[in-house]
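Predicted model only: the values in this text are computed from it and were never measured.
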Amino acid sequence: MTNNYNLKILIVEDEVFIADFIETILNDAGYFNIQKAHNKLEAQKSITNNTLDIILMDININGKMEGIELVKKLPYNCGVIYITGQSDIKVVRQAVATHPKAYLTKPIKKTDLLSNIAIAEQQKQAFHFEVKDGHTSVRLCADDILFIKSDNNYIDIVTKNRRYALRETLKQFLKEINCNDFVQVHRSYVVNKKAITKRTSTAIFIDKEEIPASRNFELL
């Protein structure tokens, strides 16, 4: 297969043999932008120094349940695929609560690994779009958007790091992004359901930001 993939993939696996086996499968399929981490510190370094697309995360790192904690503290959004020998339902539930793209059990099967990588890649491409920032085009990930505020024919797209102002309506934005994670809760606000930290009958909270919620719009 020709090399036509630019995905940045991190393999977090304390068993060197398994990590090398996974890397070989990915290389044979045309994925070459790959890093490996065999412990928590190496994983943290790779995550901090790179903007990764997919992380293949072992749950049990060096005998400890550190994989899930690493995912919870990710500084940016990327596709996480758990790889584990764990069958404990409590552990499975903890992992699923972090919204991974997939959950693969050992021994790793080539077809399962590659099919889930492909699905994660497709989802990543589907939920990216470009916005204008002055004279520059910026590529945004839908998962990075917290909420959108409307002011007539203009909207402010608020992300984790900054705010982008566009000449567009909320209706146009929802049509373009075409993602079920976004819901209109007020005539002037659309929120990312994944970013909500609290809600009441009259408001949605995203961290410390309070957003009005109207009865005229369906809540979550």
Side-chain angles (χ1 to χ4, degrees), residues 5-16 18-23 25-26 31 33-109 112-128 140-146 159-161 179-182 191-198 206-207 220:
Y5 299 96
N6 295 312
L7 289 183
K8 294 180 181 179
I9 301 174
L10 172 64
I11 302 169
V12 183
E13 171 58 65
D14 59 355
E15 296 187 50
V16 176
I18 294 178
D20 290 346
F21 173 69
I22 293 171
E23 183 180 30
I25 292 175
L26 295 177
Y31 299 96
N33 197 350
I34 297 171
Q35 298 180 42
K36 292 182 290 186
H38 300 303
N39 57 55
K40 181 180 178 180
L41 291 179
E42 290 179 2
Q44 288 174 326
K45 183 177 180 180
S46 293
I47 291 168
T48 300
N49 294 337
N50 301 274
T51 302
L52 301 163
D53 296 306
I54 294 175
I55 299 177
L56 299 168
M57 178 67 75
D58 182 23
I59 290 180
N60 232 346
I61 304 173
N62 302 121
K64 300 178 181 179
M65 309 298 291
E66 294 181 330
I68 296 174
E69 294 306 313
L70 281 171
V71 171
K72 287 180 179 179
K73 296 177 181 178
L74 284 175
Y76 49 83
N77 285 294
C78 64
V80 173
I81 298 175
Y82 283 116
I83 294 177
T84 181
Q86 281 284 343
S87 57
D88 187 329
I89 189 62
K90 291 182 180 179
V91 175
V92 173
R93 286 173 177 168
Q94 290 177 38
V96 170
T98 64
H99 306 291
K101 299 300 182 184
Y103 187 99
L104 303 180
T105 56
K106 299 175 183 177
I108 303 302
K109 296 179 181 178
D112 290 345
L113 176 63
L114 293 180
S115 61
N116 281 285
I117 289 282
I119 290 170
E121 180 184 16
Q122 185 180 45
Q123 290 176 342
K124 177 178 175 61
Q125 293 173 345
F127 297 139
H128 278 74
L140 291 182
C141 173
D143 282 347
D144 289 332
I145 298 173
L146 302 179
T159 70
K160 297 176 181 179
N161 300 314
C179 176
N180 291 331
D181 289 333
F182 290 86
V191 301
N192 184 344
K193 292 190 285 188
K194 292 181 180 179
I196 294 173
T197 53
K198 178 184 175 183
I206 297 179
D207 292 328
L220 314 175

Hey, could you give me each pair passing salt bridge (charged side-chain N to carboxylate O under 4.0 Å, His left out) that has a residue in residues 39-61? Not counting sequence neighbours.
Asp53-Lys124, Asp58-Lys106
Rounded to the nearest 0.5 Å, what separation is found between the CG atom of Asn50 and the NZ atom of Lys8?
6.0 Å
Can you tell me how far apart CG (Asp20) and CD (Glu13) are? Round to the nearest 0.5 Å.
10.0 Å
Where do Val16 and His38 land on the side-chain contact (heavy atoms from CB on, under 4.5 Å) test, with the steps shown first?
CA-CA 7 Å; Val16 176; His38 300 303; 4.0 Å; yes
If you measure from CD on Glu23 to NZ on Lys36, what distance do you get to the nearest 0.5 Å?
4.0 Å
Please find the pair of heavy atoms, one from Ile22 and one from Ile11, that lie closest to each other, and give the distance.
CG2-CD1, 3.7 Å
Looking at every heavy atom in both Ala43 and Ala37, which two are closest together, and how far apart are they?
N-CB, 3.4 Å
Determine yes or no for a side-chain-to-main-chain donor-acceptor pair under 3.5 angstrom, with Thr98 supplying the side chain and Lys72 the backbone.
no
Got a second to check how far Asn60's CG is from Glu15's CD, nearest 0.5 Å?
9.5 Å
After noting the C-alpha distance and the side-chain angles of Ile9 and Leu26, does the key distance pass the side-chain contact (heavy atoms from CB on, under 4.5 Å) rule?
CA-CA 9 Å; Ile9 301 174; Leu26 295 177; 4.2 Å; yes
Looking only at heavy atoms, the pair that brings Ser46 and Gln35 closest together is OG-OE1, 3.3 Å
Let me confirm one number: the CG-CG distance from Asp14 to Asn62, rounded to the nearest 0.5 Å.
4.5 Å
Could you state the interatomic distance from NZ (Lys73) to CD1 (Ile68), rounded to the nearest 0.5 Å?
13.0 Å
On a heavy-atom basis, the closest approach of Tyr82 and Ala95 is CE1-O, 3.5 Å
Is the shortest side-chain heavy-atom distance between Ile55 and Leu74 below 4.5 Å?
yes
Evaluate Leu56 against Ile117 for side-chain contact (heavy atoms from CB on, under 4.5 Å), listing each step before the verdict.
CA-CA 9 Å; Leu56 299 168; Ile117 289 282; 4.0 Å; yes
Taking all non-hydrogen atoms of both residues into account, name the closest pair between Lys101 and Asn116 and its distance.
O-OD1, 4.5 Å
Does the pair Val91 and Thr84 meet the rule for a side-chain contact (heavy atoms from CB on, under 4.5 Å), with working shown?
CA-CA 10 Å; Val91 175; Thr84 181; 5.8 Å; no
Flag, side chain of Asn192 to backbone of Ile145, donor-acceptor distance under 3.5 Å
yes
What's the shortest heavy-atom distance between Leu146 and Lys160, and which atoms?
CD2-CG, 4.0 Å
